[in-house]
Chemist: 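Here's a structure for you.
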Amino acid sequence: MHATASRNIHIGRELAQARPAPPTAGPEPELDRVVGFLGELMVEIDTSLDPNTPNPHLSMILNLLRGHLEGRLVSPSSLVASSGVPYATAMRRLAEIQAAGLVEQRPRTRTGKSFSLHPSALLLDRFKQLSDRIDRIATAAFAGPGAAEGARDYYFGGSYQPGTAMIPPPRALPQPVKMPGGLRILVHSDPTFMVMENLKRHFEQIIGADIQQRAFSIDRLRIEALRNAERPKSRYDLIAVDLPWVGEFVRSGVIRPLPEIMDVSRLDPADFHTAGWRAAHWNGVPYGVPSQTTPELMFFRKDWFAAEGLEPPSTTDQVIEAARHFHDPRHGRYGVAWNAARGTALGHTFMMTCAAFGQPIVDLPKHAGGYDADQIEGRALRPTLDTDRALAAADYLMTLMEFSPPDILSMSWYERVRPYAAGKVAMAYGYTLLAPYFELDETCPAHGNTGYLPHPHGPKGRPIAPVGGYVLCVPSNLAEDRIEDTVESLVAFTSPAAQKVYAQNGSRTAPRYSVGADPEVRRLSPIFETVDQMSWRDELQFWPRPPIPQISDIIHICGHELHDMLRGLVTPREALARVQARAEATMTTTDT
C-alpha cells in the first residue's frame with residue numbers, strides 16, 4: 001500500500017482506538033423504551049413477589065430484542081441462560097418460539113455449525129404493535145386522562161431541537177445480507193473511514209455479513225475506482241467518491257443512479273445537509289449517499305486571540321494581519337498553515353481560495369447563494385482562472401507564504417494540522433474530519449482552545465465553508481445479484497444511528513441535521529453545532545469545487561503550476577496564464 005495511505009490508516013486507527021466501544025444512545029420512543037420497561041418490571045415482580053413463576057418465553061424474547069436494538073450478537077446459549085428456568089426447559093421454550101416463527105438463525109461460520117439468533121420480521125412487527133399499546137396504556141395510567149394523545153404532539157423540526165430527541169443505536173437488519181465473500185467497500189484512508197474500519201465487527205453484526213474495506217490515498221482512490229469500472233464485474237459493492245468526481249464518474253459510467261436500484265425516499269433526503277446532498281447529484285439525479293460532509297474551515301487559537309485582544313479573522317486581510325502578529329519563527333511560532341504541497345493538495349487550496357474571493361474556477365451562472373453548480377450537464381463552460389479575482393487569490397497565497405512554517409511547500413492534508421495541534425501555529429485551514437487530532441488528545445495545546453470559522457473572504461467574496469467529503473456509490477458493473485443486499489447495507493451505513501456511532505467514536509463529520517442536533521453528539525464537539533449553523537446560513541457550498549468531468553485534471557494543473565509560483569519560479573500572472581491555457585485545452589479536448 002502507498003506510504004501516505006498506510007500512514008493515514010495508522011492515524012485513523014489511533015483516533016478511533018482513543019474512543020470507547022460504540023456507546024448506547026438514549027431510548028427511542030416505543031420499542032426501545034418498552035423493551036427496557038418490561039425487562040425492569042419483570043425483575044421487580046420476580047424479586048418482590050414470592051411465590052412466582054418465571055416466564056421464559058418473554059424473558060428470551062426481551063433478551064433477543066435488546067440484542068437486536070444494540071447491534072449485539074445473541075447466541076443460543078446466552079438466550080437460554082436469560083430464560084430463568086432450567087436448561088432443558090429453556091431449550092423446549094426456545095424451540096417453541098422458533099416454531100412460532102419469532103426467531104431466525106444466521107450462520108456465523110461457513111459450516112453453519114455455529115449460528116446467532118435474531119428476531120424475525122414477524123416478531124418485530126408484533127412487538128412494535130404491542131409497544132405502542134403498552135406505551136399508550138402506561139401514559140394514560142400514570143400521566144392522567146388525555147395524556148396519551150398529548151404525548152403524540154409533534155411539530156415540524158421538533159425532533160432536531162437539542163434535548164428533544166436522541167438517536168438510538170443501530171439495529172441489526174431484520175434479514176441478514178447474503179453476499180458471497182461479504183460486503184466489499186473501497187474507501188479513502190482518512191480518519192472517518194478508519195473509524196468505520198475499527199467498528200467493522202460491530203457493523204458486521206448489524207448487516208449479518210463480513211465486511212472487507214480497502215483504503216487508498218485520494219489520488220490512488222480515484223485511479224482504483226476508474227480501473228474497477230473497466231473490469232467485467234466490480235470488485236467492490238460500494239465505493240467512496242470525492243464530491244468533485246461525481247460528474248466525471250457519471251460521464252465515464254463508473255457509478256449507477258440511485259433511483260434505478262432503490263427507493264431514494266428511504267434515505268430521508270431532507271435530513272442531509274443541503275449542500276452535501278445536492279453535491280451527490282448529477283443533472284438532478286442522485287448517484288450517491290453522503291457518508292461524510294466535512295467543510296473546510298479556518299481553525300484558530302481562541303486563547304491566543306483573546307490574550308492579544310484580537311477579533312477572529314473574518315476577511316483575508318484580517319488573516320494576514322493576525323498571521324503577521326503571531327508569526328515569530330525565532331521562537332518556533334508561525335502565523336498560518338495550509339495546503340501548499342505540489343499537486344492535488346495545492347490545487348484544492350487554490351480553488352477554494354478563488355471561491356473566498358468570489359470567483360468560481362469555471363463560468364458558472366450566478367444565483368442567490370453564490371453560483372449554480374447543480375445543472376452542469378449540457379453547459380459550455382469555460383475556465384475562469386486568469387481573472388482579477390483569481391489574481392487576488394494568488395497574491396493572497398503568496399502573502400501567506402511569508403507567515404507560514406518553513407516546510408509549507410510540502411504541507412498537505414494532515415501535515416498542516418499537526419503543527420497547529422502542537423501549538424506552533426495560530427491558524428490553520430482544515431477539514432472538520434481533521435479536528436480529532438487535537439479534540440481527542442488532551443495533551444495538545446490546541447485541545448479545548450480552538451475556534452471554527454468559515455473561510456475568511458476577500459473584498460468581493462462572502463463567508464463560505466467549501467464542502468468536502470465523500471458519497472458512497474454503487475458501481476455500474478456490480479453484479480445484479482448483489483445489488484439488493486448492497487442497497488440494504490448502504491442504507492444501514494448512512495443512517496442517523498450509524499452516523500451517530502461514527503461521531504461517538506471520533507469522527508467529526510455529520511452529514512445529517514438530526515445527527516448534529518442530537519444532544520449526545522453536540523456534547524462531543526462544538527463542530528457539530530457550528531456546521532449546522534453554517535448550513536442554515538447557507539454558508540456550506542459545493543460550487544468552489546464544481547463536479548465538472550474535467551475537475552481532476554484542472555486540480556492537477558493548478559497544483560503544479562501554482563507550486564512553481566509559490567517557489568518564486570514564475571510570477572502570479574504568468575502562473576495563471578499557464579493554468580488558464582492548459583485548462584482551456586483540457587476542457588476543449590474532453591468536450592469534443
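Note that this is a predicted model, so its numbers are computed, not measured.
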Chemist: Consider only side-chain N and O atoms of Glu415 and Ser412, and report whether a donor and an acceptor are under 3.5 Å apart.
Modeler: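 Yes - a donor-acceptor pair under 3.5 Å links their side chains.
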Chemist: For Arg573, look at atom CZ and say whether over 12 heavy atoms of other residues, nucleotides or ligands are found less than 6.0 Å away.
Modeler: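 For Arg573, atom CZ is not crowded (no more than 12 foreign heavy atoms under 6.0 Å).
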Chemist: Apply side chain to side chain contact (heavy atoms under 4.5 Å, CB included) to Leu183 and Phe493, showing your working.
Modeler: CA-CA 12 Å; Leu183 184 75; Phe493 291 157; 3.1 Å; yes
Chemist: When you compare the side chains of Thr586 and Asp553, does any donor N or O come within less than 3.5 Å of an acceptor on the partner?
Modeler: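 Note: Thr586 and Asp553 side chains miss the donor-acceptor criterion.
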Chemist: Does the pair Arg227/Glu224 count as a salt bridge with the N-to-O cut at 4.0 Å?
Modeler: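 Looking at Arg227 and Glu224, the cut-off is met.
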Chemist: Tell me the closest heavy-atom pair linking Val362 and Thr384, and the distance in Å.
Modeler: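 Scanning both residues completely, I find the closest heavy atoms to be N-OG1, 3.3 Å.
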Chemist: Is there a side-chain contact between Trp277 and Pro286 (heavy atoms, below 4.5 Å)?
Modeler: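 Heavy-atom side-chain distance check passes, below 4.5 Å.
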Chemist: Begin from the C-alpha positions of Glu488 and Ile207 and carry the test side chain to side chain contact (heavy atoms under 4.5 Å, CB included) through to its verdict.
Modeler: CA-CA 8 Å; Glu488 294 305 314; Ile207 68 172; over 6 Å; no
Chemist: For Asp263, does the CG atom have more than 12 heavy-atom neighbours from other residues, nucleotides or ligands under 6.0 Å away?
Modeler: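 Above 12, so yes.
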Chemist: Check whether any side-chain heavy atom of Gln292 lies under 4.5 Å from a side-chain heavy atom of Asp190, and answer yes or no.
Modeler: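 Gln292 vs Asp190: side chains touch.
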Chemist: Should we say atom NZ of Lys200 is surrounded by more than 12 heavy atoms from elsewhere, each under 6.0 Å from it?
Modeler: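 More than 12 within 6.0 Å, yes.
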Chemist: Which residues pass the side-chain contact (heavy atoms from CB on, under 4.5 Å) test with Thr316, sequence neighbours left out?
Modeler: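 By the side-chain contact (heavy atoms from CB on, under 4.5 Å) rule, Thr316 matches Phe357, Tyr396.
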Chemist: How far apart are the closest heavy atoms of Pro180 and Arg482, and which atoms are they?
Modeler: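 It is O-NH1, 2.9 Å.
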Chemist: Count the heavy atoms belonging to other residues, nucleotides or ligands that lie under 6.0 Å from CD of Glu484, then report whether that count exceeds 12.
Modeler: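 Counting neighbours around CD of Glu484, 12 or fewer heavy atoms of other residues, nucleotides or ligands fall under 6.0 Å, so no.
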Chemist: Using 4.0 Å as the upper bound for N to carboxylate O, is an ion pair formed by Arg342 and Asp564?
Modeler: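 Yes, Asp564 and Arg342 are salt-bridged.
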Chemist: Are a donor atom and an acceptor atom from the side chains of Thr432 and Thr294 found within less than 3.5 Å of each other?
Modeler: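 Yes, Thr294 and Thr432 have a side-chain donor paired with an acceptor closer than 3.5 Å.
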Chemist: Regarding Tyr420 and Thr450, do their side chains bring together a donor and an acceptor under 3.5 Å, going by distance alone?
Modeler: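 Their side chains do contain a donor-acceptor pair, which is all the 3.5 Å distance test asks for.
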Chemist: Is the distance between the ring centroids of Tyr513 and Trp536 under 6.0 Å?
Modeler: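 Yes, ring centres under 6.0 Å apart.
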Chemist: Do Ser234 and Asn228 meet the criterion of a side-chain donor-acceptor pair at a distance under 3.5 Å?
Modeler: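 The answer is yes; a qualifying pair exists.
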Chemist: Run the numbers on Gln375 and Asn283 for side chain to side chain contact (heavy atoms under 4.5 Å, CB included), then give the verdict.
Modeler: CA-CA 6 Å; Gln375 300 295 330; Asn283 202 27; 3.5 Å; yes
Chemist: I'd like to know if Arg512 and Asp271 make a salt bridge, using a cut-off of under 4.0 Å between side-chain N and carboxylate O.
Modeler: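 Asp271 and Arg512: salt-bridged.
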Chemist: Would you please test Phe350 and Ile557 for side chain to side chain contact (heavy atoms under 4.5 Å, CB included) and show each step?
Modeler: CA-CA 11 Å; Phe350 182 65; Ile557 291 168; over 6 Å; no
Chemist: Give the minimum heavy-atom separation between Gln213 and Val187, together with the two atoms involved.
Modeler: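 Minimum heavy-atom separation between Gln213 and Val187: CG-CG2, 3.6 Å.
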Chemist: Is there a side-chain contact between Tyr236 and Arg231, using heavy atoms and a 4.5 Å cut-off?
Modeler: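 Tyr236 vs Arg231: side chains touch.
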Chemist: Out of Ile239, Leu238, Asp237, which one pairs with Leu186 under the side chain to side chain contact (heavy atoms under 4.5 Å, CB included) rule?
Modeler: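 It is Ile239; the other options fail the test.
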Chemist: Do Gln318 and Ser314 have a side chain donor and acceptor closer than 3.5 Å?
Modeler: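 Looking only at side-chain atoms, Ser314 and Gln318 do form a donor-acceptor pair, the distance falling under 3.5 Å.
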Chemist: Going by heavy atoms in the side chains, are Asp372 and Leu364 under 4.5 Å from each other?
Modeler: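 SC-SC contact between Asp372 and Leu364 ruled out.
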Chemist: Do the two ring centres, one from His281 and one from Tyr287, sit under 6.0 Å apart?
Modeler: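 Centroid separation for His281 and Tyr287: 6.0 Å or greater.
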Chemist: Is Arg462 paired with Glu539 through a side-chain N to carboxylate O contact shorter than 4.0 Å?
Modeler: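 Not counted as a salt bridge, because no side-chain N and carboxylate O are separated by less than 4.0 Å.
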